[in-house]
Amino acid sequence: MTDAAVCDEPLSQGRRRPPEAPNGFFTRSPASLPSPRLHKRSDMHSFHTDSRLFRDALERLGEASSAPADGQGPEAGEAGAGIDFVSDRREVAPPRVIGRLVALNGTQGVISCPLDTSEEDWSVGHLITIVHKAARLVGAVCDVETHDGRWSATEVNTARVTVELNGEIVDDSSGAPYFHRGVSSFPSLGAAAHRIRADDLRAIYAFRGREGVEIGRLSQNQAIPAEIDVGELIRRHFAVLGSTGVGKTTSVSLLLRKSVAMRPKLRVIIFDPHNEYAAHFPGLAQIIDSDSLELPFWMFRFDELADVVFSGRLPHADERDALYEVIRAAKAKYLVELGSPAATSAVRRQPMSEGVSVTADTPTPFRIIDVVAVIEDWLGMLDQRFARSDLRALRYRLEGLNRDPRFRFMFGRLVVEDDIAKVISRLFRIPTRGLPITIVQLAGLPNEVINSVVSVLARLAFEIAFWCSGSYEINVLCEEAHRYIPADSRQTFGPARQAIGRIAKEGRKYGASLGVVSQRPSELDSTVLSQCSTLFAMRLANELDKGIIRAAAGASASSTVAFLSSIADREAIAFGEAIATPMRMKFADISGRQDDRRVANAGERDAEPIDLRRLAAQLRGEAG
């Protein structure tokens, strides 16, 4: 074209701003804009003076992101000089600039953007980035609405999109993206919102400097694995919460299998009230049911045994005192027969002298027939401390328990012997013998004894971890945890609540950890739940339950809780110390995977063997 070439109208007349939507975005496509042509040399000055207007138009339409700018990306294209225009003959890639920031507070931002029905950039739950200096702020879409509350079938609709700010991405010296939780500084209004890059999305959910273990896939992008830090998951306790039938059992099984594979010192004991975990650990677990359980009554502490003897009812003071004294006397009699000088005074029902270690709580063997004999002796005395009716009722109850086949796991032995080392070896996998997991099936046990059994096992788990001084790790998994640690302390058995609570509060120091599984988080002890540093929230419909999750998630992920009533089976909102950043993910399906089956090796040796005899002595308080 020569300088004398004439266009239909001069640039000054042909340059006309198209109509704008209320949020400032053009409602006309790029093709509808008049193509600028140079009328004559005198118009060059006008062209350079007003070129910023065209660049603004290109930015609003998203074309600026695809204009070449010396390979420096979409923002660099804005600095390009005035006469670089998109050719009608060149196919243009989809722009990454899809909106502009129009409102901002400390946790959320509002983006104004044109809506394209063929795109899913603004679907609730999707992630976008907002450019700010050298960083890209990451936001999760939590609310979408049109600007005027209406939808037009003929014109471009504009939207106000609310995003929850989760953190920021900064490229390191090598150009690799690195995600940081929190926001160090905030952008100004007008900042560009982008489609999130695939590399940025991977960086958000990846671990830096730690090994991540895949447990499923992101719901947002099935190509990206959902990973956890197994060390943080086990050390700092975890909880899996969701309604019945959403896949809690398979999801928990996957977490535990990944954990024992990564941590060779780890053992797991599962309290299984519905006998449903055995099928998920072929070749990995020792299954203990009501027929194979051996937990001698003398290993119970006084409160635990009293709950069994009195069938869960609250006894009056004289009944408790009588039981305490007869147990103490029976233990002393057993020690005397073994030649121990321990508790001679206990036979005479006198206060024991200082230095004598035998009490009703000491895990020292005794015989029920000795307890009955002591009661018979007391019934024959003229000067009787306890009411004869209480002593007779106690004798009948103990004799009944001793003969009841449902309680044979406690009282069924013909010969009482001190085999505490054998009991803890089998229950707590010392050594593992290729089976690091113990599944205690509670369904076949009498209902009135379940709380006491859970209390004994949880207490022993903590004590074993304490005395092993770091050479032993154990995770106690409580299925239906609201039965043992409810929010109302009056609705549970105190010793079980205390034993589990002690693991939650102090276990991390010694290698004992807790796994909480429940369908009613609102009924759980809030103190124990607050100690669980990693939460997997599956589908929940109850508003009280969702409120508990919302409070635990914090402000940066609170809107994500809105998904809880509609997410799919095996899907979860995961957040906490073992998660790089809060994510919506779907657990891998392990129900039919044959490749995960493992053949137990009974001859497998532990890396650090534990002295069972020394451990048994420590549990009895006989060694430091």
| said: Please determine whether the number of non-hydrogen atoms from other residues, nucleotides or ligands lying under 6.0 Å from atom CZ of Arg508 exceeds 12. | reply: no
| field | Gap separating the CD1 atom of Ile610 from the CH2 atom of Trp467, nearest 0.5 angstrom | value | 14.5 Å
| query | Does any N or O in the side chain of Ser530 come within less than 3.5 Å of the main-chain N or O of Thr527, such that one atom is a donor and the other an acceptor? | reply | yes
| Can you find a pair of side-chain heavy atoms, one from Arg263 and one from Ile234, that are under 4.5 Å apart? | yes
| request: In sequence, state the C-alpha distance, the side-chain angles, and the governing distance for Arg367 and Asp370, and then conclude on salt bridge (charged side-chain N to carboxylate O under 4.0 Å, His left out). | output: CA-CA 5 Å; Arg367 294 180 289 262; Asp370 290 339; 3.0 Å; yes
| said: Please give me the minimum heavy-atom distance between Val371 and Ala330, naming the atom from each residue. | reply: CG2-CB, 3.6 Å
| task | Let me see the working for Leu256 and Leu254 under side chain to side chain contact (heavy atoms under 4.5 Å, CB included), right down to the final yes or no. | result | CA-CA 5 Å; Leu256 294 180; Leu254 175 63; over 6 Å; no
| Any chance CD of Glu417 has more than 12 other-residue heavy atoms, nucleotides or ligands included, within less than 6.0 Å? | yes
| query | Is the backbone N or O of Leu427 less than 3.5 Å from a side-chain atom of Thr438, with the two atoms forming a donor-acceptor pair by type? | reply | yes
| field | Ile579 CD1 to Met583 CE distance, which is reported to the nearest 0.5 Å | value | 4.0 Å
| message | So does Leu218 get a backbone contact from the side chain of Lys586, meaning a donor-acceptor N/O pair under 3.5 Å? | response | no
| query | Short question: side chain of Ser533, backbone of Gly576 - any donor-acceptor pair under 3.5 Å? | reply | no
| request: Using a strict 4.0 Å threshold on nitrogen-to-oxygen distance, state whether Asp419 and Lys422 make a salt bridge. | output: no
| request: Test Val268 against Phe281 for side chain to side chain contact (heavy atoms under 4.5 Å, CB included), laying out the working first. | output: CA-CA 12 Å; Val268 178; Phe281 296 98; over 6 Å; no
| query | Have Glu480 and His274 got a donor and an acceptor in their side chains that come within less than 3.5 Å? | reply | yes
| What pair of heavy atoms forms the shortest contact from Phe302 to Asp361, and how long is it? | N-OD1, 2.8 Å
| remark: Here the gap from Asp569 atom CG to Asp589 atom CG, rounded to the nearest 0.5 Å, amounts to 10.5 Å
| task | Would you mind reporting whether Thr534 and Glu232 have side-chain heavy atoms less than 4.5 Å apart? | result | no
| query | Between Glu473 and Arg235, does at least one N-O distance fall below 4.0 Å, as a salt bridge requires? | reply | no
| remark: In this structure, CG of Leu305 is separated from CG of Leu323 (nearest 0.5 Å) by 6.0 Å
| query | Within the distance-only criterion (no hydrogens, no angle test), does the side chain of Arg217 pair as donor or acceptor with the backbone N or O of Ala588 below 3.5 angstrom? | reply | no
| said: Run the side chain to side chain contact (heavy atoms under 4.5 Å, CB included) test on Met538 and Leu241 for me, step by step, so that the C-alpha distance in whole Å, both residues' side-chain angles and the decisive distance to 0.1 Å come before the verdict. | reply: CA-CA 6 Å; Met538 306 182 78; Leu241 310 171; over 6 Å; no
| query | Given side chains that start at C-beta, do those of Leu514 and Val516 come closer than 4.5 Å, heavy atoms only? | reply | yes
| Exercise: identify the closest heavy-atom pair between His237 and Ala504 | NE2-O, 3.0 Å
| request: Classify the ring geometry between Tyr277 and His280 as parallel (under 30°), tilted (30 to 60°) or perpendicular (over 60°). | output: perpendicular
| request: Applying salt bridge (charged side-chain N to carboxylate O under 4.0 Å, His left out), run through Arg490 and Asp488 and close with a yes or a no. | output: CA-CA 5 Å; Arg490 297 169 298 179; Asp488 187 350; 3.1 Å; yes
| request: Verify, without hydrogens or angle tests, whether Ser425 (side chain) and Ala421 (backbone) share a donor-acceptor contact under 3.5 angstrom. | output: no
| Is Lys509 paired with Glu506 through a side-chain N to carboxylate O contact shorter than 4.0 Å? | no
| query | Looking at CD1 of Ile215 and CD1 of Ile590, how far apart are the two atoms once the value is rounded to the nearest 0.5 Å? | reply | 11.5 Å
| Ionic contact status for Glu319 with Arg313, cut-off 4.0 Å | yes
| Are any of the side-chain heavy atoms of Val440 and Leu457 separated by less than 4.5 Å? | yes
| query | Is the backbone N or O of Val309 less than 3.5 Å from a side-chain atom of Arg397, with the two atoms forming a donor-acceptor pair by type? | reply | yes
| task | State, yes or no, whether a side-chain contact exists between Glu571 and Met585 at a heavy-atom distance under 4.5 Å. | result | no
| field | Working for side chain to side chain donor-acceptor pair (under 3.5 Å), residues Thr581 and Asn166 | value | CA-CA 8 Å; Thr581 193; Asn166 295 331; 5.3 Å; no
| query | Of the options Arg301, Arg502, Gln498, Met299, which is the one that meets Arg459 in a side-chain contact (heavy atoms from CB on, under 4.5 Å)? | reply | Arg301
| task | For the pair Arg408 and Asp291, find out whether any cationic side-chain nitrogen is under 4.0 Å from an anionic carboxylate oxygen. | result | yes
| task | Could you check Arg483 against Glu523 for salt bridge (charged side-chain N to carboxylate O under 4.0 Å, His left out), going step by step and ending with a plain yes or no? | result | CA-CA 9 Å; Arg483 297 175 55 173; Glu523 296 181 4; over 6 Å; no
| said: Is there a side-chain contact between Arg520 and Asp545 in this structure, where contact means two heavy atoms from C-beta onward sitting under 4.5 Å apart? | reply: yes
| query | Taking the side chain from Thr362 and the backbone from Thr364, do they hold a donor-acceptor pair closer than 3.5 Å? | reply | no
| Would Tyr205 and Phe179 count as a close aromatic pair, with their ring centres under 6.0 Å? | no
| request: Please find out if less than 6.0 Å separates the ring center of Phe366 from that of Phe297. | output: yes
| field | Heavy-atom pair with the smallest gap, counting every atom of Ser292 and Arg426 | value | O-NH1, 2.8 Å
| request: Taking the side chain as every heavy atom from C-beta outward, state whether Ile424 and Leu615 have any pair of such atoms under 4.5 Å apart. | output: yes
| What pair of heavy atoms forms the shortest contact from Pro436 to Leu266, and how long is it? | CB-O, 3.8 Å
| query | Distance-only, no hydrogens or angles: does the Thr250 side chain make a donor-acceptor pair with backbone N or O of Gly247 under 3.5 Å? | reply | yes
| said: Is the distance from the ring center of Phe462 to that of Tyr510 below 6.0 Å? | reply: yes
| task | Would you confirm whether Ser253, through its side chain, and Thr249, through its main-chain N or O, come within 3.5 Å as a donor-acceptor pair? | result | yes
| Would you say Val138 and Ile204 make side-chain contact, with heavy atoms under 4.5 Å? | yes
| field | Asp404 and Arg406 ion-paired at < 4.0 Å | value | yes
| task | Would you check if there is a donor-acceptor pair between the side chains of Gln519 and Ser243 at a distance under 3.5 Å? | result | no
| message | Restricting to non-hydrogen atoms, name the atom on Pro296 and the atom on Phe300 that form the minimum distance, rounded to 0.1 Å. | response | O-CD1, 3.4 Å
| request: List the steps and the verdict of side chain to side chain contact (heavy atoms under 4.5 Å, CB included) for Met410 and Val308. | output: CA-CA 10 Å; Met410 293 176 60; Val308 177; 4.2 Å; yes
| message | Please report the interatomic distance CZ(Phe238) to CD1(Ile228), rounded to the nearest 0.5 Å. | response | 8.5 Å
